[in-house]
Trainee: 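Please see the structure below; I have some questions.
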Amino acid sequence: MAVYTQVSAEALAAFLSRYDVGDLVSAKGIAEGVENSNYLVDTTRDRFILTLYEKRVAAGDLPFFMALLDHLAGKGLPVPPAVKDRDDREIQQLEGRPACLIRFLPGVSLSQPTPAQALAAGCALGGVHAAVADFEPTRANSMGIAQWRPLLERCGRDMDAIRTGLFDRVAAALDAVERDWPRDLPVGAIHADLFPDNVLMLGDEVTGLIDFYFACTDIRAYDVAVMHTSWTFNARGLNPSAGVGAALLDGYDRSFGLSAAERAALPVLARGACIRFLLSRAWDWLNTPADALVMRKDPLAYLARLDWYVANERAFA
Ligand SMILES: Nc1ncnc2c1ncn2[C@@H]1O[C@H](COP(=O)(O)OP(=O)(O)O)[C@@H](O)[C@H]1O
Ligand SMILES: N[C@@H](CCOP(=O)(O)O)C(=O)O
């Protein structure tokens, strides 16, 4: 359940009165999501997502995220911009949290994407990378390779309570990833978390790309690798679908282009992505009480993926 901050009816009505969006009809907490509090808000005119940014999103990063959403929506991509109030402001305060009113987009997120859907999603990522060619703001990746070792050290040997020997296995995998990490691939604004639950679809059509709150400036092909790790396997990190993996890359290649150097780097980028999500999940696993309202995601599902990429170095050839 991702509603950490309760919003009173009075506070919400006062918040909405700053906008030209009609009057409040209903507001319901959204169970999906991990990082922020989200409400589905209906007014007499339209439907919106109200997001209150919780502790993982730094308020100082919000202008970058909002500028990126505006930029992509302005280029006609299915990305939801924040609504501006009468004073032209997108970022507000509500119940003591930074908050934005976001356009609602139709569609559902998939749990078992087909190759046709993966092709469309890969195409959509290519569309994002093309659209940010003239996007100037930058943001360092706060969950990038430079942060993985400090995060591993912070998790420490407590990781072995999740799986015996986990700390040493991740440390060894990280040694290899740090050694082989590409230094000269093209960089740009990337989503960095384009899992199936952050892509809304109707049939084989992408209707929404959401949750840009890890977006940053980093290696473009790393975004492709993150997608590959999250779209190709089942929830336990098993049974990779070769058709889905190939279709993702094909879609991206058709819409934006994947160079030979980028393709050659995908194995190490994918192992890096596995370490990144394994570590953030392990940290949450070790630091979230089992009875908390937040759903803890399984770090071992990313260990299984890491093992698969180590055993299948030629998966992208
Ligand atoms: N613009 C939007 N249009 C429609 N649904 C949305 C939109 N933004 C978020 N949602 C819904 O809210 C859920 C949680 O949003 P998300 O941004 O993934 O949260 P979190 O940042 O907490 O992970 C999504 O799974 C989706 O169902
Ligand atoms: N995609 C990450 C967690 C981030 O959650 P999101 O709901 O903001 O995408 C993972 O699965 O570990």
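Order of listing sets the numbers, starting from 1, for every ligand and every atom in it.
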Trainee: Would you please indicate if the ring centroids of Tyr53 and Phe65 are separated by under 6.0 Å?
Mentor: no
Trainee: Using a strict 4.0 Å cut-off to heavy atoms of Phe195, name the atoms of ligand 2 that fall inside it.
Mentor: 1 (N), 10 (C), 11 (O)
Trainee: So, are Lys75 and Asp134 salt-bridged, with charged N and O less than 4.0 Å apart?
Mentor: yes
Trainee: Using the ring centroid of each side chain, check whether Phe48 and Phe104 are separated by less than 6.0 Å.
Mentor: no
Trainee: Relative to ligand 2, is Glu32 under 4.0 angstrom through side chain, backbone, both or neither, heavy atoms considered?
Mentor: neither
Trainee: Could Arg149 and Asp175 be called an ion pair, given the rule that one side-chain N must be under 4.0 Å from one carboxylate O?
Mentor: yes
Trainee: Tell me whether Asn36 has any N or O atom under 3.5 angstrom from an N or O of ligand 1.
Mentor: yes
Trainee: At under 4.0 Å between heavy atoms, which part of Ile210 makes contact with ligand 1: side chain, backbone, both or neither?
Mentor: side chain
Trainee: Could you tell me, atom by atom, which parts of ligand 2 come under 4.0 Å of a heavy atom of Asn198?
Mentor: 9 (O)
Trainee: Just to confirm my output: which protein heavy-atom neighbour is closest to atom 7 (C) of ligand 1, and how far is it?
Mentor: Ile49 CG1, 3.4 Å
Trainee: Just which atoms of ligand 1 are under 4.0 Å from any heavy atom in Pro80?
Mentor: 1 (N)
Trainee: Got the closest protein heavy atom to atom 2 (C) of ligand 2, with its distance?
Mentor: Asp193 OD1, 3.6 Å
Trainee: Note the single closest protein heavy atom to atom 6 (P) of ligand 2, along with its residue, its atom name and the distance in Å.
Mentor: Asp211 OD2, 3.3 Å
Trainee: At what distance is the nearest protein heavy atom to atom 3 (C) of ligand 2, and which residue and atom is it?
Mentor: Lys297 NZ, 4.1 Å
Trainee: Have Ser142 and Gln147 got a donor and an acceptor in their side chains that come within less than 3.5 Å?
Mentor: no
Trainee: Fit a plane to each ring of Tyr252 and His129, take the angle between them on a 0 to 90° scale, and name the class: parallel (under 30°), tilted (30 to 60°) or perpendicular (over 60°).
Mentor: perpendicular
Trainee: Does the distance from a Lys or Arg side-chain N to an Asp or Glu carboxylate O, for Asp307 and Arg169, drop under 4.0 Å?
Mentor: yes
Trainee: What's the shortest distance from atom 18 (O) of ligand 1 to any protein heavy atom, and which residue and atom give it?
Mentor: Asp211 OD2, 3.0 Å
Trainee: Starting from atom 12 (O) of ligand 2, which protein heavy atom do you reach first, and at what distance in Å?
Mentor: Arg281 NE, 2.8 Å
Trainee: At less than 4.0 angstrom from any non-hydrogen atom of Ile30, what atoms of ligand 1 do you find?
Mentor: 12 (O), 13 (C)
Trainee: Is there a polar contact between ligand 1 and Arg103, counting only N or O atoms under 3.5 Å apart?
Mentor: yes
Trainee: Within the 4.0 Å heavy-atom shell around Glu35, which atoms of ligand 1 are there?
Mentor: 20 (P), 21 (O), 22 (O), 23 (O)
Trainee: Would you say the ring centers of Phe64 and Phe135 fall short of 6.0 Å from each other?
Mentor: yes
Trainee: Could you see which bit of Asn198 sits under 4.0 Å from ligand 1, with heavy atoms only: side chain, backbone, both or neither?
Mentor: side chain
Trainee: State, with a plain yes or no, whether a side-chain heavy atom of Tyr222 is found less than 4.5 Å away from one of Arg276.
Mentor: yes
Trainee: Ring centres of Phe214 and His191 under 6.0 Å apart?
Mentor: no
Trainee: Can you sort out which atoms of ligand 2 are near Glu35, meaning under 4.0 Å from one of its heavy atoms?
Mentor: 4 (C), 5 (O), 8 (O)
Trainee: Between Asp284 and Arg296, is there a salt bridge with N-O shorter than 4.0 Å?
Mentor: no
